[in-house]
Amino acid sequence: MIDLHTHTLFSDGALLPTELVRRCEEKAFRGLVITDHVDYSNIDFVIPRLVKICKELNGVGARRAVPLRVKPGAELTHIHPERIPSMIRAARRAGAFLVLVHGETLVEPVLPGTNRAGIEGGADVIAHPGLISEGDARLAAKKGVCLEISGRKGHSYTNGYVAQIVRKTGAALVFGSDAHEPGDIVDREMAEKICMGAGLSKDEVTRLFIKAEQLMNIAHGS
């Protein structure tokens, strides 16, 4: 299991990073990205703290504290579309290994144009992109920006639509649980069921997780 979208109490999650990682370890995770919500107010201290804890947990060689790879990320959330490209750059400068943009989900008042701005700005993933337009999905395919199949209640309402638009446009897919508390953490078996419930084939699900391995620089099958 590799999960590219999780939260801790550094934003609106319930767990310390160490507890999140321990619970994921128990579910046989190989890779985890902690992507706490950031905006103009907290980007300068949330990401450096995630960088610090990930270094501590990953260790070096025999000193590795946990068996799974843990990477620091960020989810840019409710930022005006005009500011998103510069905030993506700021997140990378602060040390974010993976940058997500909180997409135009049906269940939150995300500003129109957010998906497009995240794609044009070079985010790694547009999280729960809602009813993303075909034009935006084609641009994501061209620029190598991934779209997300979400395990989060509410955000998952459009998983089937996202699966269809990806088939039509060739954009890449990844899975994110968007875990905020212990009950949100899903193992590989459950993640595959969520993806297949969105209409993906077994081969498409396999490719989705290979893409996650590539994003995390984890060798396939290791």
Side-chain angles (χ1 to χ4, degrees), residues 3-8 10-13 33-44 46-47 50 72-180 184 198 208 211-212 215:
D3 195 338
L4 303 178
H5 186 175
T6 64
H7 299 280
T8 74
F10 283 158
S11 58
D12 61 345
V33 186
I34 303 175
T35 54
D36 277 304
H37 296 284
V38 296
D39 66 1
Y40 324 103
S41 67
N42 67 349
I43 192 171
D44 58 335
V46 169
I47 297 175
L50 291 178
E75 183 181 7
L76 303 181
T77 303
H78 289 288
I79 294 170
H80 195 282
E82 290 182 359
R83 295 288 303 277
I84 287 174
S86 65
M87 290 293 286
I88 291 171
R89 295 192 293 272
R92 297 198 195 283
R93 286 196 301 270
F97 177 82
L98 208 70
V99 178
L100 281 58
V101 167
H102 185 292
E104 296 175 41
T105 172
L106 299 185
V107 295
E108 291 185 33
V110 180
L111 281 169
T114 292
N115 288 343
R116 185 81 175 194
I119 295 164
E120 290 178 339
D124 297 293
V125 179
I126 305 300
H128 36 71
L131 297 174
I132 186 169
S133 71
E134 182 177 332
D136 285 354
R138 289 194 185 280
L139 183 63
K142 181 178 179 180
K143 293 180 69 70
V145 177
C146 299
L147 306 182
E148 181 189 72
I149 294 292
S150 179
R152 184 78 171 162
K153 56 189 177 183
H155 294 328
S156 63
Y157 288 165
T158 55
N159 278 349
Y161 172 84
V162 173
Q164 284 186 328
I165 204 76
V166 161
R167 279 206 188 104
K168 190 172 185 179
T169 61
L173 270 179
V174 292
F175 174 84
S177 71
D178 199 358
H180 284 68
D184 298 335
L208 175 151
K211 184 63 179 180
L215 287 174

#### Entry: Taking every non-hydrogen atom, the tightest pair across Val162 and Gly130
CG2-O, 3.7 Å

### Message
Walk me through whether Ile84 and Val101 qualify under side chain to side chain contact (heavy atoms under 4.5 Å, CB included).
### Response
CA-CA 8 Å; Ile84 287 174; Val101 167; 4.0 Å; yes

### Task
Evaluate ring pair (Phe, Tyr, Trp, His ring centres under 6.0 Å) for His5 paired with His7, printing each intermediate quantity in order.
CA-CA 7 Å; His5 186 175; His7 299 280; 5.0 Å; yes

### Query
For the atom pair CG (Asn159) and CZ (Phe175), what is the distance rounded to the nearest 0.5 Å?
8.5 Å

### Message
Once rounded to the nearest 0.5 Å, what's the spacing between atom CZ of Arg93 and atom CG of Asp44?
### Response
12.0 Å

### Task
Quick one: which residue pairs count as a salt bridge (Lys or Arg N to Asp or Glu O under 4.0 Å) with a foot in residues 156-166, not counting sequence neighbours?
none

### Query
Can Ser177 and Asp3 be said to form a side chain to side chain donor-acceptor pair (under 3.5 Å), step by step?
CA-CA 7 Å; Ser177 71; Asp3 195 338; 2.5 Å; yes

Atom pairs and distances, donor-acceptor, side-chain atoms in residues 113-124, under 3.5 Å, two or more places apart:
| from | atom 1 | to | atom 2 | distance (Å) |
| --- | --- | --- | --- | --- |
| Thr114 | OG1 | Leu111 | O | 2.7 |
| Asn115 | OD1 | Glu104 | N | 3.0 |
| Asn115 | ND2 | Pro129 | O | 2.9 |
| Arg116 | NE | Glu120 | OE2 | 3.3 |
| Arg116 | NH1 | Asp136 | OD1 | 2.8 |
| Asp124 | OD2 | Arg92 | NH1 | 3.0 |
| Asp124 | OD2 | Arg92 | NH2 | 3.4 |
| Asp124 | OD2 | Val99 | N | 2.8 |

### Message
side chain to side chain contact (heavy atoms under 4.5 Å, CB included) for Cys146 and Leu215? Distances and angles first, verdict last.
### Response
CA-CA 10 Å; Cys146 299; Leu215 287 174; 4.0 Å; yes

### Summary
Shortest non-hydrogen pair, Ile165 vs Ile132, comes out as CG2-CG2, 4.0 Å

### Query
For Ala171 and Ala137, which heavy atoms make the closest approach, and how far apart are they?
CB-O, 3.7 Å

#### Entry: Non-neighbouring partners of Arg138 that pass salt bridge (Lys or Arg N to Asp or Glu O under 4.0 Å), sequence neighbours left out
Glu134

### Closest non-hydrogen atom pair between Ile126 and Gly103, with its separation
CG2-CA, 4.0 Å

### Query
Considering residues, nucleotides and ligands other than Tyr161, do more than 12 of their heavy atoms fall under 6.0 Å from its OH?
yes

### Query
CG of Asp12 to CG of Asp36: how many Å apart, nearest 0.5 Å?
7.5 Å

### Spacing of CZ belonging to Arg83 relative to CG belonging to Leu76, to within rounding of 0.5 Å
11.0 Å

### Task
Mind listing the closest non-hydrogen atom pair of Ala96 and Ile47 along with its distance?
N-CG2, 3.6 Å

### Task
Quick one: do His155 and Glu148 satisfy side chain to side chain donor-acceptor pair (under 3.5 Å)? Show the steps, please.
CA-CA 10 Å; His155 294 328; Glu148 181 189 72; over 6 Å; no

### Task
Please examine the side chains of Val125 and Val174, heavy atoms only from C-beta on, and report whether any two atoms are closer than 4.5 Å.
yes

### Message
Angle between ring planes, His37 versus His180, binned at 30° and 60°: parallel, tilted or perpendicular?
### Response
tilted

### Spatial distance of atom OG1 (Thr158) from atom CG (Leu131) [nearest 0.5 Å]
6.0 Å

### Task
Please name the pair of heavy atoms, one in Thr35 and one in Leu4, separated by the smallest distance, quoted to 0.1 Å.
CG2-O, 3.5 Å

### Query
Which is it for Met87 and Tyr40 under the side chain to side chain contact (heavy atoms under 4.5 Å, CB included) test, yes or no, and what are the steps along the way?
CA-CA 8 Å; Met87 290 293 286; Tyr40 324 103; 3.8 Å; yes

### Message
Test your reading of the model: is there a side-chain donor-acceptor pair from Asp178 to the backbone of Ser150, 3.5 Å cut-off?
### Response
no

### Query
Should Val110 and His78 be marked as a side chain to side chain contact (heavy atoms under 4.5 Å, CB included) after you check the CA-CA gap, both sets of side-chain angles, and the distance that decides it?
CA-CA 6 Å; Val110 180; His78 289 288; 3.8 Å; yes

### Query
Do Asp39 and Asn42 have side-chain heavy atoms sitting under 4.5 Å apart?
yes

